[in-house]
Amino acid sequence: MRTAQVTRNTQETQITVAINLDGQGKAELNSGVPFLDHMLDQIARHGILDLRVDAKGDLHIDAHHTVEDIGIALGQALHSALGDKKGLFRYGHAYVPLDEALSRVVIDLSGRPGLQFNTTFTRAMIGTFDVDLVQEFFQGFVNHAMVTLHIDNLAGKNAHHQAETIFKAFGRALRMAVTPDPRSDNVVPSTKGVL
């Protein structure tokens, strides 16, 4: 079982994230940020992984620290669950539409953190959720998962739809990348021999 649990405690947040890459798409989410819970559910469902998030953060200030630190903890959990990355497809990609919105996400389990985030949201807030936090979440994630991630929102007028297509596409791209490759003979998918 490719599982991991990470606890991150700071003066701003107390967070536990547990992941099972061979799960069934189940999510238990208590981030304190309802819109983020909705997006994390998309990752679990479309990534067909089990995800548990328990977080307490300084939401009396705003959601920034909580969202970013959940991204960090999720990245750490993924990195741990992947182990040596032998026998994986390594790369994943997905296009996901939702009505007028369309996003593309491409991931490489490269061992090198990098984020290209090409999204212009049509409004600054989705309810009480600041759309800037979408990028902050993924930046925290890539820095600690040690992956390269390209996120492109290609179309959209509704900011909720834009965000949702990003998280759904991320889940599907991640699912592809972490899937065992039956032809790999359990080798690391890199000419370097290590990721």
Side-chain angles (χ1 to χ4, degrees), residues 1-10 13-33 36-57 66-94 96 105-115 137-151 164 166-195:
M1 294 294 286
R2 297 178 298 165
T3 63
Q5 179 171 307
V6 169
T7 298
R8 176 180 171 82
N9 289 319
T10 73
T13 61
Q14 296 81 50
I15 294 168
T16 299
V17 171
I19 192 170
N20 177 357
L21 296 178
D22 302 305
Q24 300 176 321
K26 296 177 181 176
E28 297 176 34
L29 306 167
N30 183 24
S31 72
V33 183
L36 180 63
D37 286 346
H38 180 43
M39 295 299 101
L40 293 171
D41 193 30
Q42 304 306 323
I43 295 173
R45 297 281 179 107
H46 293 275
I48 313 180
L49 54 87
D50 293 344
L51 180 62
R52 180 171 54 83
V53 175
D54 293 303
K56 289 188 172 92
T66 301
V67 173
E68 180 181 29
D69 286 5
I70 289 171
I72 289 169
L74 179 61
Q76 291 171 334
L78 176 68
H79 188 264
S80 178
L82 286 174
D84 61 14
K85 303 178 190 172
K86 284 184 179 177
L88 302 181
F89 274 106
R90 174 180 169 176
Y91 300 99
H93 59 88
V96 170
V105 174
V106 183
I107 191 169
D108 176 9
L109 307 178
S110 61
R112 296 182 305 279
L115 175 65
F137 171 84
F138 284 110
Q139 189 67 66
F141 170 80
V142 301
N143 287 347
H144 294 268
M146 303 294 285
V147 302
T148 299
L149 186 63
H150 286 249
I151 296 174
E164 191 164 331
I166 288 169
F167 280 87
K168 285 178 175 176
F170 171 72
R172 296 185 70 82
L174 182 61
R175 179 178 69 180
M176 182 186 294
V178 304
T179 296
D181 183 349
R183 299 166 300 160
S184 74
D185 199 26
N186 205 32
V187 299
V188 174
S190 171
T191 55
K192 294 180 180 69
V194 64
L195 287 173

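In this structure, Ile19 CD1 and Leu49 CG are separated by 5.0 Å, a value rounded to the nearest 0.5 Å. Here CG of Asn186 is found 9.0 Å from CG of Leu88. Values are rounded to the nearest 0.5 Å. To the nearest 0.5 Å, the span separating CD on Gln14 from CG on Asp69 amounts to 9.5 Å. Annotation: the span from Leu21 atom CG to Met1 atom CE amounts to 9.5 Å, rounded to 0.5 Å. With rounding to the nearest 0.5 Å, the separation of OG1 in Thr16 from CZ in Arg52 is 6.5 Å. In this structure, the separation between CD on Glu28 and CG on Asp54 is 8.0 Å, given to the nearest 0.5 Å.
In this structure a side-chain-to-backbone donor-acceptor pair under 3.5 Å is missing from Ser184 to Phe89. Side-chain atoms of Ser80 do not come within 3.5 Å of backbone N or O of Gln76 as any donor-acceptor pair. In this structure, the side chain of Arg172 does not engage the main chain of Ala94 through any donor-acceptor pair within 3.5 Å. A donor-acceptor distance shorter than 3.5 angstrom exists from the side chain of Asn143 to the backbone of Gln139, with no hydrogens or angles considered.
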> Can you list the steps and then say if Ile70 with Val33 is a side chain to side chain contact (heavy atoms under 4.5 Å, CB included)?
Replying inline: CA-CA 11 Å; Ile70 289 171; Val33 183; over 6 Å; no
>> One pair to check against side chain to side chain contact (heavy atoms under 4.5 Å, CB included): Leu36 and Val53. What are the steps and the verdict?
In response: CA-CA 11 Å; Leu36 180 63; Val53 175; over 6 Å; no
>> Is there a side chain to side chain contact (heavy atoms under 4.5 Å, CB included) between Met39 and Glu164? Walk through the geometry before answering.
In response: CA-CA 6 Å; Met39 295 299 101; Glu164 191 164 331; 4.1 Å; yes
> Step by step, would you call Lys85 with Arg90 a side chain to side chain contact (heavy atoms under 4.5 Å, CB included)?
Replying inline: CA-CA 8 Å; Lys85 303 178 190 172; Arg90 174 180 169 176; over 6 Å; no
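Nearest heavy-atom pair, Ile15 versus Asn9, reported as atom, atom and distance to 0.1 Å: N-OD1, 4.0 Å. Closest approach of Ala27 to Ala44, counting heavy atoms only: CB-CB, 3.9 Å. Between Thr13 and Gly57, the shortest heavy-atom contact is CG2-CA, 4.0 Å. Residue Asn20 comes nearest to Asp22 through the heavy atom pair OD1-N, 2.9 Å, listed as atom of the first residue, atom of the second, then distance. Closest approach of Ala73 to Val17, counting heavy atoms only: CB-CG2, 3.6 Å. When every heavy atom of Ala177 is checked against every heavy atom of Ile107, the shortest pair comes out as CB-CG2, 3.8 Å.
Annotation: ring-ring contact (aromatic ring centres under 6.0 Å, His included) contacts of His79 (sequence neighbours excluded): none. Among residues two or more places apart in sequence or in another chain, the ring-ring contact (aromatic ring centres under 6.0 Å, His included) test is passed with Phe170 by Phe138, Phe141.
Between Lys26 and Asp50 there is no salt bridge, since none of the side-chain N atoms of the basic residue sits less than 4.0 Å from a carboxylate O of the acidic one.
More than 12 heavy-atom neighbours from other residues, nucleotides or ligands sit within 6.0 angstrom of NE2 on His38. Under a cut-off of 6.0 angstrom, the local environment of CZ in Arg2 is crowded, with over 12 non-hydrogen atoms contributed by other residues, nucleotides or ligands.
Under the 4.5 Å side-chain criterion, counting only non-hydrogen atoms from C-beta, Val178 is in contact with Leu82.
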